[in-house]
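One structure below.
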Amino acid sequence: EEWAKFTPDRMTYDPTAAKLKDFTKGTDRITNYKTGGWFEYESLALDEDGKYQVALNVKTSAETVVSFDIYVDGEKAGTIKGTSNSEGISQISAILDFEKGKHKVRFVRTDIPSSQERIDLEVYAVVVSEPVLPGYDVNGDGILSEDDGKIIVSAAKAELLLSKADMDG
């Protein structure tokens with residue numbers, strides 16, 4: 001699709017190509033300042049069943065907790081929640097189960113700013129990462145993370161030490 005950029009392990013979707021309610025379209029981002037606004041992709045296509053990391057690259061005009069409920073084909077599938085600020089783009093994400101095929105995916109802003117000050121939210125990208133093979137997702141969170149890598153390296157080192165001890169003894 002024209003609105004998606006594909007790399008081997010993830011798909012990055014342009015939010016300015018999404019259907020919008022209470023969001024304003026910019027050159028490279030969409031902006032919202034109130035709860036209840038949403039953006040939606042009509043046909044997010046996935047090649048296989050599995051757990052996918054769905055992330056939003058966001059920035060806010062002041063530090064605040066940002067949250068979105070995610071609806072897949074009209075059913076609530078999960079929530080993305082995290083802290084964002086004006087210092088740079090943050091990535092907030094959730095792990096969702098998807099079936100192979102095309103899906104309508106809607107992101108509905110649910111956070112309520114804690115102050116009377118207007119806080120603008122900018123969304124720069126939606127990133128969907130491919131599922132991780134179960135054997136490599138050691139901690140079971142659905143993504144291949146640095147923590148998984150550390151566990152795998154530790155296990156390999158332990159096995160090497162045990163093998164060496166067996167040879168010495």
Side-chain angles (χ1 to χ4, degrees), residues 1-47 50-99 101-132 137 139 141-149:
E1 309 261 345
E2 187 176 308
W3 44 269
K5 297 175 190 164
F6 294 91
T7 59
D9 62 344
R10 71 179 57 95
M11 297 162 280
T12 303
Y13 296 90
D14 177 358
T16 66
K19 188 175 176 183
L20 309 173
K21 179 181 181 257
D22 293 331
F23 273 83
T24 305
K25 191 179 296 194
T27 308
D28 64 345
R29 63 186 163 272
I30 55 175
T31 305
N32 168 276
Y33 66 90
K34 58 184 177 179
T35 301
W38 55 260
F39 61 98
E40 175 179 271
Y41 295 99
E42 290 287 329
S43 60
L44 187 141
L46 300 170
D47 293 336
K51 290 182 183 289
Y52 287 78
Q53 179 180 20
V54 179
L56 299 177
N57 292 349
V58 298
K59 184 177 178 182
T60 51
S61 55
E63 185 163 317
T64 191
V65 173
V66 176
S67 63
F68 285 86
D69 282 344
I70 306 166
Y71 292 83
V72 177
D73 301 324
E75 299 287 325
K76 185 176 174 186
T79 300
I80 290 179
K81 186 174 185 176
T83 303
S84 180
N85 59 48
S86 61
E87 311 255 329
I89 296 173
S90 303
Q91 188 172 81
I92 58 176
S93 67
I95 305 300
L96 300 178
D97 286 313
F98 279 97
E99 292 180 2
K102 289 189 176 187
H103 301 279
K104 180 188 281 190
V105 181
R106 178 179 286 192
F107 298 86
V108 180
R109 187 172 181 193
T110 57
D111 59 280
I112 300 171
S114 59
S115 69
Q116 297 300 323
E117 171 189 5
R118 174 179 162 157
I119 299 177
D120 289 339
L121 165 72
E122 299 172 333
V123 179
Y124 287 85
V126 176
V127 181
V128 179
S129 301
E130 290 184 3
V132 176
D137 178 20
N139 64 7
D141 64 1
I143 56 175
L144 181 60
S145 64
E146 189 175 331
D147 289 340
D148 293 314

*Between Thr24, Leu121, Asp22, Asp120, which is the residue that forms a side-chain contact (heavy atoms from CB on, under 4.5 Å) with Tyr33?*
Asp120

I'd like a table of donor-acceptor pairs (distance under 3.5 Å, sequence neighbours excluded) in which one partner is a side-chain atom from residues 83-92, with atom names and distances.
{"from": "Ser84", "atom 1": "OG", "to": "Thr60", "atom 2": "N", "distance (Å)": "3.3"}
{"from": "Ser84", "atom 1": "OG", "to": "Thr60", "atom 2": "OG1", "distance (Å)": "3.4"}
{"from": "Asn85", "atom 1": "OD1", "to": "Glu87", "atom 2": "N", "distance (Å)": "2.8"}
{"from": "Gln91", "atom 1": "NE2", "to": "Asn57", "atom 2": "OD1", "distance (Å)": "2.8"}

*asked:* Can you tell me how far apart CD1 (Ile95) and OG (Ser129) are? Round to the nearest 0.5 Å.
replied: 8.0 Å

_Close side-chain approach of Tyr124 to Asp28, heavy-atom, < 4.5 Å_ = yes

*Do Thr110 and Ser67 have side-chain N/O donor and acceptor atoms under 3.5 Å apart?*
yes

*How close do Gly37 and Asn32 get, heavy atom to heavy atom, and via which atoms?*
CA-ND2, 3.9 Å

_Interatomic distance, Glu42 atom CD to His103 atom NE2 [nearest 0.5 angstrom]_ = 14.0 Å

*So do Lys19 and Trp38 actually touch side chain to side chain, heavy atoms under 4.5 Å?*
yes

*Please work out which of the three classes, parallel, tilted or perpendicular, describes the rings of Phe39 and Phe68, given edges at 30° and 60°.*
perpendicular

*Taking the side chain as every heavy atom from C-beta outward, state whether Leu96 and Tyr52 have any atom pair closer than 4.5 Å.*
no

*Give, for atom CG of Leu20 and atom CD of Glu40, the distance between the pair rounded to the nearest 0.5 Å.*
10.0 Å

*asked:* Treating Asp69 as the side-chain partner and Thr79 as the backbone partner, does any N or O pair qualify as donor plus acceptor under 3.5 Å?
replied: no

*May I ask you to say whether Lys104 pairs ionically with Asp73, meaning some side-chain N is under 4.0 Å from a carboxylate O?*
no

_Pairwise distance CG(Asp111) to CD1(Ile80) - rounded to 0.5 angstrom_ = 12.0 Å

*Non-hydrogen atoms of Gly26 and Thr16 that approach each other most closely*: O-CG2, 3.4 Å

*Dump the intermediate steps for side chain to side chain contact (heavy atoms under 4.5 Å, CB included) on Leu46 and Val128, then the final yes or no.*
CA-CA 9 Å; Leu46 300 170; Val128 179; 4.2 Å; yes

_Beyond-backbone contact of Val54 with Phe107, side-chain heavy atoms, under 4.5 angstrom_ = yes

*With rounding to the nearest 0.5 Å, note down the distance linking CZ in Phe98 to CG in Asp47.*
13.0 Å

*Per the side-chain contact (heavy atoms from CB on, under 4.5 Å) rule, which among Leu44, Val127, Val105 passes with Tyr13?*
Leu44

_Nearest 0.5 angstrom please: Lys51 NZ to Asp97 CG, how far?_
4.0 Å

